[in-house]
Structure formats: C-alpha cells, structure tokens
**Student:** 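So that we are looking at the same thing, I have put the structure below in structure tokens.
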Amino acid sequence: MEKKSILFFEITDYALGRFPKWLTKSFSDQSQYKFIYIYLDTYNKSICDFSWIPNGSETINLNGKVKNINPVLENNNDGLLFTFAVRPPEFYVVHFANGLGIKTHIFQHGIFIPFMKKELSYFFRESNKMISYFKSIYFLSKISSISLLDSFLEIYNIYILGSTRISQSKFMKLNVLPSKAFVYSHYWGDYFTNNYGFSQDQFIYTGTPDLSEFYLINNQNREDAICYVCQTLVEDGRLTKKEFNNFINILRDSLSEEDLLYIKLHPRSDLS
C-alpha cells in the first residue's frame with residue numbers, strides 16, 4: 001500500500017526541529033506515512049540535526065525560491081500539508097496547494113505579539129530572508145490577478161506599517177488560508193478570525209503544547225530564585241542590541257549577591 005504523504009513547510013531548516021518535529025512524534029504509527037520536510041532556506045548557513053526524522057522521509061531545500069515547491073506539491077497532491085505562519089511564502093505555498101486540492105493546515109506555533117515596529121537594521125541584517133520574501137511576492141503576483149506593485153504595497157502595509165490586517169487584504173481572494181487551523185484556545189481562535197480571516201468552523205483546539213513538559217518540571221523541587229525568559233527582541237528587530245544590553249545591566253544591578261538568577265534562552269537567542 002502506498003504511503004500517505006505528510007508535508008511540512010517552514011522558512012528555515014532550523015524551524016523544522018520544533019513544531020514539525022513535535023507533530024511527527026504525534027503520529028502513532030509513523031511507518032504508514034511518508035514525511036516530507038520542506039524549507040525555504042538554511043538558517044545562518046548552519047548544519048541542522050535531522051537525526052530525529054523517520055526513516056524513508058525526505059528533506060527538501062527550496063534554495064530561497066518558493067516556486068521550487070510546485071513539483072513537490074504536484075507529486076503529492078493527495079497528501080496533507082502543515083504550515084506554521086501566515087507570511088508571503090506561506091501565501092504562495094497554500095494558494096498553490098489549495099489549487100491542487102491538497103488538505104492544508106496551519107498549526108499555531110507560539111504566542112503572537114501584536115504588531116511591533118522593527119528596527120531598520122533588522123531588514124539589512126536579515127537581507128537573505130527579505131530577498132526570499134520578495135521573490136515569494138513576485139511569484140505570487142505572477143500566478144494571481146494582483147499586480148506586483150499592489151502586492152508589494154499590501155505586504156508593506158501589513159508587515160511594515162501594520163496598518164492592514166491580512167483578513168482585510170487583497171490576498172484573501174487568492175485562497176491563501178489553510179482549510180483548518182490548529183489553535184491553542186478559543187481566545188486564539190478569535191485572534192485568527194480577526195487578524196487572518198478564518199471562520200469558527202475551521203478551528204481545532206489543541207491546548208498549549210509548550211506546557212506538556214512544564215507540568216513535569218513544576219512537580220520537581222522548587223528554588224527561591226528568579227527566572228528571566230528571553231524573547232527574540234533583538235533577533236527579530238524589536239530592540240537594538242544596545243537597548244537590550246542596557247536592560248540586562250539594569251536587571252543585573254537590581255539583584256543582590258544572594259539572589260539566584262536563571263536565564264531561559266529562546267531557541268534563536270543570540271548567545272553573544
């Protein structure tokens with residue numbers, strides 16, 4: 001019997017090691033499926049550990065060109081696709097997959113923050129990502145009725161100015177949303193409806209996967225200590241490195257010599 005294809009699309013190979021990895025483990029009999037892990041580009045050109053990927057599965061690097069996914073989707077049009085965000089590359093991928101009749105899903109990948117203005121330096125630092133996003137917009141405009149200029153203006157208003165919601169954008173007519181959305185709770189269902197345009201009958205409520213290990217930790221011995229949980233404030237261009245270092249210095253100076261401080265890093269924390 002031919003195995004059913006389960007496809008995961010992420011922006012970087014590094015990101016495959018989080019939710020795609022968790023979802024893969026949730027399949028009780030992995031031998032029944034062919035898992036295909038697709039990523040737009042490599043993360044900082046580093047080598048990722050794919051030892052967790054089941055035997056017989058594939059990883060596919062699109063080398064920064066989202067349209068390279070076309071033959072992959074065409075060859076697996078009876079499969080099931082998971083995405084994890086609503087960005088220009090996902091617009092293209094989901095639009096193309098929906099057109100082929102592939103079952104498309106999005107899985108909420110974390111707690112979302114309302115629109116924040118990014119530091120200009122972020123866009124220069126992440127130039128490769130910006131280029132791949134621009135390519136995605138270009139390819140999307142080529143297969144749609146939206147001109148390239150209007151496509152760029154929509155992206156600018158959504159992601160740079162924060163003045164337009166995706167649910168109100170011209171892209172909605174291109175069928176760029178997955179057919180089902182796995183979200184943590186009804187609160188996040190409302191968020192997906194207001195910001196992305198999903199309807200209530202599209203949701204599957206999952207709870208928060210990040211808490212699965214928290215309960216085990218919570219039952220262990222507790223310490224009288226302080227824990228700072230890092231966000232990607234610098235890495236995602238929300239703060240300059242200088243501003244963040246100033247905050248760390250203030251945090252350090254506010255503690256006594258007896259205080260015990262734990263710092264929980266984000267998977268993408270800049271260790272410097």
Side-chain angles (χ1 to χ4, degrees), residues 4-20 23 34-46 48 50 53 57-107 109 123-124 126-160 164 166 169-181 196-197:
K4 186 176 182 64
S5 296
I6 308 294
L7 301 94
F8 302 96
F9 173 77
E10 268 287 13
I11 297 297
T12 66
D13 51 351
Y14 180 87
L16 293 172
R18 193 166 184 235
F19 277 85
L23 285 172
K34 178 183 180 182
F35 296 99
I36 303 175
Y37 304 92
I38 309 161
Y39 55 99
L40 187 58
D41 211 341
T42 54
Y43 180 71
N44 290 339
K45 307 304 177 186
S46 58
C48 291
F50 286 143
I53 291 179
S57 300
E58 276 185 79
T59 59
I60 298 175
N61 184 357
L62 302 181
N63 294 307
K65 286 189 176 181
V66 72
K67 74 170 185 176
N68 289 343
I69 202 172
N70 293 8
V72 181
L73 296 177
E74 289 168 345
N75 293 333
N76 296 277
N77 60 8
D78 60 343
L80 188 151
L81 172 70
F82 280 99
T83 58
F84 302 91
V86 186
R87 300 166 292 200
E90 282 87 1
F91 285 160
Y92 180 93
V93 170
V94 174
H95 170 83
F96 199 88
N98 281 337
L100 294 172
I102 294 173
K103 294 179 180 179
T104 53
H105 299 74
I106 182 173
F107 199 104
H109 72 277
F123 299 102
F124 293 102
E126 298 289 335
S127 57
N128 286 340
K129 181 187 287 187
M130 295 300 105
I131 290 170
S132 67
Y133 277 32
F134 290 150
K135 288 179 181 177
S136 299
I137 300 166
Y138 171 76
F139 295 137
L140 187 64
S141 72
K142 294 291 285 185
I143 62 173
S144 72
S145 57
I146 302 177
S147 71
L148 181 59
L149 177 61
D150 282 344
S151 296
F152 276 115
L153 286 175
E154 285 292 273
I155 294 299
Y156 182 77
N157 289 330
I158 294 169
Y159 295 102
I160 307 300
T164 301
I166 292 170
S169 75
K170 295 179 181 179
F171 294 117
M172 287 298 291
K173 67 181 181 181
L174 299 181
N175 198 13
V176 295
L177 294 182
S179 56
K180 291 289 182 182
Y196 302 147

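Treat the numbers as computed from the prediction; the structure is a model and nothing was measured.
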**Student:** Any non-hydrogen side-chain atom of L174 less than 4.5 Å from a side-chain atom of F91?
**Tutor:**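 No, too far: nothing below the 4.5 Å cut-off.
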**Student:** Within the 4.5 Å heavy-atom criterion, are S169 and I158 side-chain neighbours or not?
**Tutor:** yes
**Student:** So, using salt bridge (Lys or Arg N to Asp or Glu O under 4.0 Å) as the criterion, who are the partners of E74 when residues are at least two apart?
**Tutor:** none
**Student:** Can a donor-acceptor pair be found, under 3.5 Å and without considering hydrogens, that links the side chain of K34 to the backbone of E58?
**Tutor:** no
**Student:** For residues L81 and A97, report the shortest heavy-atom separation together with the two atoms involved.
**Tutor:** CD2-CB, 3.8 Å
**Student:** How many angstroms lie between CD1 in I36 and CZ in F82, if you round to the nearest 0.5 Å?
**Tutor:**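 If I round to the nearest 0.5 Å, the distance is 13.5 Å.
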**Student:** Decide yes or no for T59 and D13: does some side-chain heavy atom of the first lie under 4.5 Å from some side-chain heavy atom of the second?
**Tutor:** no
**Student:** OG of S5 to CG of L73: how many Å apart, nearest 0.5 Å?
**Tutor:** 10.5 Å
**Student:** Taking side chain as C-beta onward, heavy atoms only, is T83 less than 4.5 Å from T104?
**Tutor:**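 They are not in side-chain contact.
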**Student:** Atom NZ of K103 and atom CG of N77: how far apart are they, to the nearest 0.5 Å?
**Tutor:**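 Nearest 0.5 Å value for the NZ-CG distance: 12.5 Å.
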**Student:** Considering all heavy atoms of both residues, which atom of I146 and which atom of K170 are nearest to each other, and what is their separation?
**Tutor:**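 Reported closest heavy-atom pair: CD1-O, 3.4 Å.
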**Student:** Quick one: pull up CD1 in I11 and OG1 in T42 and give me the separation to the nearest 0.5 Å.
**Tutor:**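 The OG1 atom of T42 is 12.5 Å from CD1 of I11, to the nearest 0.5 Å.
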**Student:** When the aromatic ring centroids of F152 and F134 are compared, is their separation below 6.0 Å?
**Tutor:**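 Here the rings of F134 and F152 have centres that are less than 6.0 Å from each other.
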**Student:** Roughly how far apart are I155 CD1 and T164 OG1, rounded to 0.5 Å?
**Tutor:** 10.5 Å
**Student:** Is the backbone of L177 close enough, under 3.5 Å, to the side chain of N98 for a donor and an acceptor to pair up by distance?
**Tutor:** yes
**Student:** Drop me the distance from L80's CG to I6's CD1, to the nearest 0.5 angstrom.
**Tutor:** 5.0 Å
**Student:** Which word best sums up how the rings of F19 and F84 line up, parallel for under 30°, tilted for 30 to 60°, or perpendicular for over 60°?
**Tutor:** tilted
**Student:** Looking only at heavy atoms, what is the nearest atom pair of E10 and A15, with distance?
**Tutor:** CD-CB, 3.5 Å
**Student:** Do any side-chain atoms of residues 64-72 form donor-acceptor pairs under 3.5 angstrom with protein atoms, and if so which ones, sequence neighbours left out?
**Tutor:**
| residue | atom | partner | partner atom | Å |
| --- | --- | --- | --- | --- |
| N68 | ND2 | L62 | O | 2.9 |
| N70 | OD1 | Y92 | OH | 2.9 |
| N70 | ND2 | Y92 | OH | 3.0 |

**Student:** Is the CZ atom of F50 crowded by more than 12 outside heavy atoms at less than 6.0 Å?
**Tutor:**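 Atom CZ in F50 is packed in, count exceeds 12.
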**Student:** Less than 4.5 Å apart, side chain to side chain, heavy atoms only: is that true for I53 and F35?
**Tutor:** no
**Student:** Identify the two heavy atoms, one from A85 and one from E90, that lie closest to each other, and give their separation to 0.1 Å.
**Tutor:** O-CG, 3.2 Å
**Student:** Test side chain to side chain contact (heavy atoms under 4.5 Å, CB included) on Y138 and L148 and set out the steps.
**Tutor:** CA-CA 6 Å; Y138 171 76; L148 181 59; 4.1 Å; yes
